[in-house]
Amino acid sequence: MDATSPGIDRRTLLGLLPLTGAAALLRPSHATAASTATAATTVTNTVAGQELAGIAANPAFVFATDLAGTAGSGEASPIDADYWLGVHEVTNAQYLEFVTETGRTAPPYWDGGTYPDGKADHPVLTVSLDSATAYCAWLNSQADTEGWTFRLPTEAEWEYAASGPDALDYPWGDTAGTTYADLVLTSNYNYMAVCAAYELAEHGDELATYTATGSDLYGQSFPISEILSIGGTGTVAGWNVTASRTGFVYTDVYDALTGTGGYTTPVTAYPGGTSTTGLLDLCGNCWEWTTSVITATHGGEMGEQVNAIRGGSWYANLNSCTAVYRGEGRDPSGRYPTVGFRVAATVGA
């Protein structure tokens, strides 16, 4: 399928294209973590196709906040053993191997049993906690994993890897460093402004039609530039106005985007977001499952017992995409268009 195929419009293609021309518009930052914090020595290993970074135990670990986001009120959660985390989120290509070998159900945005064109190295989405756990069990069955045990991380392991020994607000430091001017976004991570900046720079004059039943503007069409706007520090207006069911996420352009897996980016696209522990995409791209059960204090699951997810996503606002943001969670049996996962591993356990 290509741009000359009949019946394929720009909105369909948007979900199929990798970050190519958009990269010149979005300018991922290439600053190193060492510029804002003391970089730890990273020890890596590759096992069963998973690139892993070693992280030392921290029996004194305390969350930076409680689940309500109150700084300095986080609970102690000792990390008693060394562990490893995937340098990258699990990709569509990696997950395809698992689906092919096990017969497990493919994510709903795949077509014909495989991921969309150009998204091999993007994070896999709409994977339940149960399926992510099954993926780890499949890794454990591989011939070259003897002595290794793959699993999903706890919330404490995730936060410590993301914030490092200096308890940073972001994996790379204490400031986001995001700017927007003249239709150009500079960012260390992929969140809603990355998609918004692409739309405004490439398709701002094109029409988007409201498709959500119950929307105050159902059936009406507006230029994207009249729906979305971005502030100088990367804040986004017009993404989602829940009360009136208006904003970008209630349009046909957004529908086409989510139909092919959302506005994810390759897992190597943001080197400026590298943590002091050598991990990428700990902020943005996709939320990541953890095995820790919490009572959600944010999001549609507020008040429910769910598994904590961390890190924000391509859909999330900038406040959600930090190393210390907590309180979001999802039903472990659910499959969500913004949630993927990263593997953890232990040796000799």
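In this chain, numbering begins with 1 at the start of the sequence shown.
The backbone N or O of S333 sits less than 3.5 Å from a side-chain atom of D331, completing a donor-acceptor pair. Proximity of a side-chain donor or acceptor of N188 to a complementary backbone N or O of Y270 within less than 3.5 Å is not detected. Listed for the D82 side chain is a donor-acceptor partner under 3.5 Å among the backbone atoms of A57. Remark: side-chain polar atoms of T290 are paired, donor with acceptor, to backbone N or O of A308 under 3.5 angstrom. Proximity of a side-chain donor or acceptor of N92 to a complementary backbone N or O of K119 within less than 3.5 Å is detected. Counting only distance, with no hydrogens or angles, the side chain of D174 and the backbone of D169 share a donor-acceptor pair below 3.5 Å. With T145 contributing its side chain and N140 its backbone, the two residues share a donor-acceptor pair below 3.5 Å. The backbone N or O of N285 lies less than 3.5 Å from no partner atom in the side chain of D281, so there is not a single donor-acceptor pair. With hydrogens and angles ignored, the 3.5 Å screen pairs a side-chain donor or acceptor of T277 with a backbone N or O of A161. In terms of modelled atom types and a separation under 3.5 Å, the side chain of T100 and the main chain of E97 share no donor-acceptor contact.
Residues E206 and P223 fail the side-chain proximity criterion, which asks for heavy atoms closer than 4.5 Å. The shortest side-chain heavy-atom distance between T44 and L52 does not fall under the 4.5 Å cut-off. Here the side chains of R310 and E328 are not in contact, with every heavy-atom distance at 4.5 Å or above. At least one side-chain heavy atom of H88 sits under 4.5 Å from a side-chain heavy atom of T268. Using a 4.5 Å cut-off on side-chain heavy atoms (C-beta onward), T264 and L125 make contact. Between S128 and P332, every side-chain heavy-atom pair lies at or beyond the 4.5 Å cut-off. You'll find the side chain of T65 stays beyond 4.5 Å of the side chain of T70, heavy atoms only. The shortest distance between side-chain heavy atoms of C136 and V343 falls below 4.5 Å.
Residues I55, F61, F63, I79, Y83, L85, V87, Y160, L279, L280, L282 make up the rest of the hydrophobic cluster containing W158, defined by ILVMFWY side-chain heavy atoms closer than 4.5 Å, directly or through other members.
Clustering ILVMFWY residues whenever any of their side-chain heavy atoms sit less than 4.5 angstrom apart, transitively, puts Y336 in a cluster other than the one holding I294. Cluster membership check: V339 does not share its hydrophobic cluster with M302, using side-chain heavy-atom separations under 4.5 Å among Ile, Leu, Val, Met, Phe, Trp and Tyr. In terms of hydrophobic clustering, with Ile, Leu, Val, Met, Phe, Trp and Tyr side chains grouped at heavy-atom distances under 4.5 Å, V249 and V241 are assigned to different clusters. V267 and Y189 fall into different hydrophobic clusters, where Ile, Leu, Val, Met, Phe, Trp and Tyr residues are linked whenever their side-chain heavy atoms come under 4.5 Å apart, directly or through other members. Note on I224: it does not cluster hydrophobically with Y218, by side-chain heavy-atom contacts below 4.5 Å among ILVMFWY residues.
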Practice prompt. Could you walk me through whether Q94 and Q50 pass side-chain contact (heavy atoms from CB on, under 4.5 Å), step by step?
Written response: CA-CA 9 Å; Q94 289 174 318; Q50 305 291 316; 3.6 Å; yes
Practice prompt. Go through the steps for L318 and T235 under the test side-chain contact (heavy atoms from CB on, under 4.5 Å), then give the verdict.
Written response: CA-CA 7 Å; L318 51 81; T235 56; 3.9 Å; yes
Practice prompt. Could you check D255 against T211 for side chain to side chain donor-acceptor pair (under 3.5 Å), going step by step and ending with a plain yes or no?
Written response: CA-CA 9 Å; D255 292 344; T211 59; 2.7 Å; yes
Practice prompt. Assess whether side-chain contact (heavy atoms from CB on, under 4.5 Å) is satisfied between L152 and F341, documenting all intermediate values.
Written response: CA-CA 8 Å; L152 297 177; F341 67 105; 3.8 Å; yes
Practice prompt. Give the C-alpha distance, both sets of side-chain angles, the deciding distance and a yes or no for side chain to side chain donor-acceptor pair (under 3.5 Å) between Q305 and T295.
Written response: CA-CA 5 Å; Q305 288 282 296; T295 300; 2.3 Å; yes
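Going from atom OH of Y109 over to atom CG of L257 covers 12.0 Å, rounded to the nearest 0.5 Å. For the atom pair CD (E159) and OG (S77), the distance works out to 9.5 Å, reported to the nearest 0.5 Å. Distance SG/C321 to OH/Y191: 8.0 Å, rounded to 0.5 Å. The CG atom of N190 lies 3.5 Å from the OG1 atom of T265; values are rounded to the nearest 0.5 Å.
Here the closest heavy-atom approach between residue T178 and residue G234 is recorded as CG2-CA, 4.0 Å. For the residue pair V306 and A296, the shortest heavy atom distance occurs at CG2-CB, 3.8 Å. Taking both residues in full, the closest heavy atoms of P116 and W110 are given as CD-CD1, 4.1 Å, listed atom of the first, atom of the second, then distance. The heavy-atom pair separating A76 from P78 by the smallest distance is C-CD, 3.9 Å. Residue L168 comes nearest to G173 through the heavy atom pair CB-O, 3.6 Å, listed as atom of the first residue, atom of the second, then distance.
Residues satisfying the salt bridge (Lys or Arg N to Asp or Glu O under 4.0 Å) criterion with R326, sequence neighbours excluded, are E75, E155. F98 is linked by a ring pair (Phe, Tyr, Trp, His ring centres under 6.0 Å) to Y95, Y135, W138, counting only residues two or more places apart in sequence or in another chain.
Geometrically, R245 does not engage Y250 in a cation-pi contact, judged by NZ or CZ lying under 6.0 Å from the ring centre and within 45° of the ring axis.
Sequence neighbours left out, the pairs with a member in residues 128-153 that pass salt bridge (charged side-chain N to carboxylate O under 4.0 Å, His left out) are R151-E157. Each ring-ring contact (aromatic ring centres under 6.0 Å, His included) pair with one or both residues in residues 280-323, not counting sequence neighbours, appears once here: W239-Y315, H298-Y325.
Contact check on E288 versus R342 returns a salt bridge, with a Lys/Arg side-chain nitrogen under 4.0 Å from an Asp/Glu carboxylate oxygen.
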Enumerate, atom names and distances included, each donor-acceptor pair closer than 3.5 Å involving a side-chain atom of residues 225-233, sequence neighbours excluded.
| residue | atom | partner | partner atom | Å |
| --- | --- | --- | --- | --- |
| S225 | OG | G204 | O | 3.1 |

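Each of L217, T251, N240 was compared with T246 under the side-chain contact (heavy atoms from CB on, under 4.5 Å) criterion, and only L217 meets it.
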